[in-house]
Amino acid sequence: MSRHVAIVTDSTAYLPARSMERHGITAVPLTVVLGDRALEEGTEISTRSLAQALQKRRPVTTSRPSPELFAQTYRKVAETGATGIVSLHLSAELSGTHDAAVVAAREAPVPVRVVDTGMVAMALGFCALAAAETTESGGTVDEAVTAAQKRAAGTSAYFYVDTLDYLRRGGRIGAAQALLGSALAVKPLLQLDGGRIELLEKVRTASRAIARLEEIAADRAGSAPVDIAVHHLAAPDRASALADRLRGRVPGLADLHVSEVGAVIGAHTGPGLLGVVVSPR
């Protein structure tokens, strides 16, 4: 039997498998459509396959989970003994995943609270962990939701991409539309703001952009207890080096996760992505 309140998220949280197992978190997969094949993130398509497809300019799109898939997940979780579910998902500004969860929640066998965290990647993952830790200490659905929302409100996500072309193709760049055309030559730093991907700064070279990304993340972290995640796509050495530098610059660092993003986020950012999530405890 599970604990009283169960936590569900989606595959874009990119939580380490050991963390999901330890906290009993269930992730519903999004889908990557590669040519005429629909593949579940995390099980049916690797980031290497995705990167190769993008580099060859093959058509790649993404799709939310169906309401029925959410409904199946909620039923399975309820069957383990959960009497309430907190379902935490990536920003509704970026995906219809939240809406699909809301539809499924109406028919779930136990009460389900669906939350648009406004986050993605480990910015979402840290919210799921906060909710899970709350329920593990006996917290209610409402208390778990509050913990996740509080974590989301304090979390910042910044990222560098080699080109805006992939974000442009997927229609995910919001106010950064102003950068298109001749300005595509710059190296942009972006951030999550109000659940949308927005331009933070324009930098002329990749090395300067990555140095600036490090500086922004370290300044945001300050000296209070903080968790950090460094994400990448097809840039492991770059991510590892950035993580090592942040270890030396952030005195309050608690946990630091380094991981490659999955195919869904990678499809919209392209190879070379480097991201930092800063999440105060």
Side-chain angles (χ1 to χ4, degrees), residues 2-15 19-20 23-33 38-44 61-135 139-153 155 157 170 172 192 194-197 261-265 267-268:
S2 77
R3 60 183 179 273
H4 184 68
V5 177
I7 306 302
V8 172
T9 187
D10 60 67
S11 60
T12 69
Y14 302 136
L15 282 162
S19 294
M20 294 185 62
H23 297 287
I25 298 171
T26 301
V28 178
L30 276 74
T31 299
V32 176
V33 182
L39 306 167
E40 282 191 356
E41 181 175 44
T43 58
E44 297 180 339
T61 58
T62 59
S63 177
R64 70 179 190 179
S66 68
E68 177 54 31
L69 183 55
F70 271 110
Q72 292 173 7
T73 300
Y74 295 152
R75 288 195 294 268
K76 288 179 182 178
V77 169
E79 287 169 0
T80 67
T83 56
I85 298 171
V86 177
S87 199
L88 303 158
H89 301 292
L90 81 160
S91 172
E93 294 282 349
L94 303 176
S95 169
T97 299
H98 170 270
D99 293 343
V102 169
V103 171
R106 294 172 186 153
E107 305 300 327
V110 296
V112 179
R113 285 281 301 278
V114 181
V115 180
D116 172 12
T117 65
M119 300 283 113
V120 73
M122 273 300 294
L124 168 59
F126 286 131
C127 294
L129 290 174
E133 289 164 359
T134 299
T135 65
T140 64
V141 166
D142 287 346
E143 289 168 338
V145 168
T146 297
Q149 291 174 330
K150 182 177 179 181
R151 195 71 185 257
T155 295
R172 297 303 200 280
L192 272 178
R196 297 180 298 274
I197 297 170
V261 299
V264 167
I265 299 305
H268 295 292

**OP:** Step by step, work out the side-chain contact (heavy atoms from CB on, under 4.5 Å) result for Arg196 and Leu94.
**Re:** CA-CA 7 Å; Arg196 297 180 298 274; Leu94 303 176; 5.5 Å; no

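One N or O on the side chain of Glu41 and one on the backbone of Val264 form a donor-acceptor pair closer than 3.5 Å. Judged purely by atom type and a 3.5 angstrom limit, Glu40 has no side-chain atom pairing as donor or acceptor with the backbone of Thr31. In this structure a side-chain-to-backbone donor-acceptor pair under 3.5 Å is present from Thr135 to Ala132. Of the possible polar contacts, one joining the Thr83 side chain to the His4 backbone as a donor-acceptor pair under 3.5 Å is found. Side-chain atoms of Ser11 come within 3.5 Å of backbone atoms of Leu30 as a donor-acceptor pair (strictly under, hydrogens ignored).
Looking only at side-chain heavy atoms (C-beta outward), Val261 and Tyr14 come within less than 4.5 Å of each other.
Rounding to the nearest 0.5 Å gives a distance of 11.5 Å between CD of Gln149 and CE of Met119. The line from OG of Ser87 to CZ of Phe70 is 5.5 Å long, rounded to the nearest 0.5 Å. A distance of 9.5 Å separates OG1 of Thr134 from NZ of Lys150, quoted to the nearest 0.5 Å. In this structure, Asp116 CG and Leu90 CG are separated by 8.0 Å, a value rounded to the nearest 0.5 Å. Separation of atoms CG (Leu15) and CG (Leu124) is listed at 7.0 Å; rounding is to 0.5 Å. One finds the NE2 atom of His89 at 12.0 Å from the SG atom of Cys127 (value rounded to the nearest 0.5 Å).
Residues Thr155 and Ala123 share a closest heavy-atom pair of CG2-CB, 3.8 Å. Across all non-hydrogen atoms, the minimal contact from Leu129 to Ser19 is CD2-CB, 4.3 Å. Annotation for Thr140 and Glu143: closest pair N-OE1, 2.8 Å, computed over non-hydrogen atoms. Counting all heavy atoms, side chain and backbone alike, Gly195 lies closest to Ser91 at O-OG, 2.6 Å. For Ala131 against Ala144, the heavy-atom pair with the smallest separation is CB-O, 3.7 Å. Taking all atoms of both residues into account, the shortest heavy-atom contact from Ala27 to Met20 is CB-CE, 3.5 Å.
Inspection of the His268 and Thr62 side chains reveals an N or O donor paired with an N or O acceptor under 3.5 Å.
Just one of Val120, Thr73, Thr97, Thr26 meets the side chain to side chain contact (heavy atoms under 4.5 Å, CB included) condition when paired with Asp10; it is Thr97. A side chain to side chain contact (heavy atoms under 4.5 Å, CB included) with Arg113 is found for exactly one of Asp142, Leu88, Ile85, namely Asp142.
We find that Arg75 and Glu68 are joined by a salt bridge, their nearest charged nitrogen and carboxylate oxygen being less than 4.0 Å apart.
Glu107 CD: 12 or fewer foreign heavy atoms inside a 6.0 Å radius.
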